[in-house]
Asker: 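Structure provided below as structure tokens; questions to follow.
Side-chain atoms are counted along with the backbone in the values below, which use heavy atoms only and exclude waters and symmetry mates.
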Amino acid sequence: MTLVVNRDLCIGAGQCVLSTPELFDQSEDGRVLLRRRPVDADEGRAAVGLCPSGALRLTDDTRSRPVVPDRDAATKGWG
């Protein structure tokens with residue numbers, strides 16, 4: 001499984017950060033940032049279930065990109 005992060009859908013609720021701070025943070029504009037790739041699907045599953053906007057999802061599609069490129073994440077060395 002792949003964790004897919006879609007920052008365009010993010011509304012900045014912060015549930016991902018509250019549930020799994022070792023994986024997620026928020027950028028300057030309040031949208032989700034992935035700090036690191038999850039070790040397995042279970043590691044991000046709680047955040048996916050809590051995300052009110054659907055910006056996080058798990059997929060079996062091997063063509064899905066795990067991280068949407070983000071300037072803030074690159075600056076912090078994440079993603």
Asker: Within the 4.5 Å heavy-atom criterion, are F24 and L34 side-chain neighbours or not?
Answerer: yes

Asker: Apply salt bridge (charged side-chain N to carboxylate O under 4.0 Å, His left out) to the pair R36 and E43, showing each step before the final yes or no.
Answerer: CA-CA 11 Å; R36 65 172 173 79; E43 191 173 23; 2.5 Å; yes

Asker: Could you please spell out the steps behind the side chain to side chain contact (heavy atoms under 4.5 Å, CB included) verdict for V4 and L56?
Answerer: CA-CA 6 Å; V4 178; L56 306 176; over 6 Å; no

Asker: Closest heavy-atom contact between C10 and S53?
Answerer: CA-OG, 3.7 Å

Asker: Kindly indicate whether the side chain of L3, heavy atoms from C-beta on, has any atom under 4.5 Å from the side chain of L58.
Answerer: yes

Asker: So, for S19 and A46, which heavy atoms are closest and what is the spacing to 0.1 Å?
Answerer: OG-C, 4.4 Å

Asker: Would L23 and R35 count as a side chain to side chain contact (heavy atoms under 4.5 Å, CB included) if you check the C-alpha gap in whole Å, the side-chain angles of each, and the deciding distance to 0.1 Å?
Answerer: CA-CA 5 Å; L23 282 184; R35 295 177 62 113; 5.8 Å; no

Asker: What are the two closest non-hydrogen atoms of L9 and G54, and how far apart are they?
Answerer: CD1-O, 3.6 Å

Asker: Nearest 0.5 Å, what's the SG-CD1 distance between C51 and I11?
Answerer: 7.0 Å

Asker: Do the side chain of Q26 and the main chain of V17 share a donor and acceptor less than 3.5 angstrom apart?
Answerer: no

Asker: Just by modelled atom types, is the R7 backbone N or O under 3.5 Å from a matching donor or acceptor in the R31 side chain?
Answerer: yes

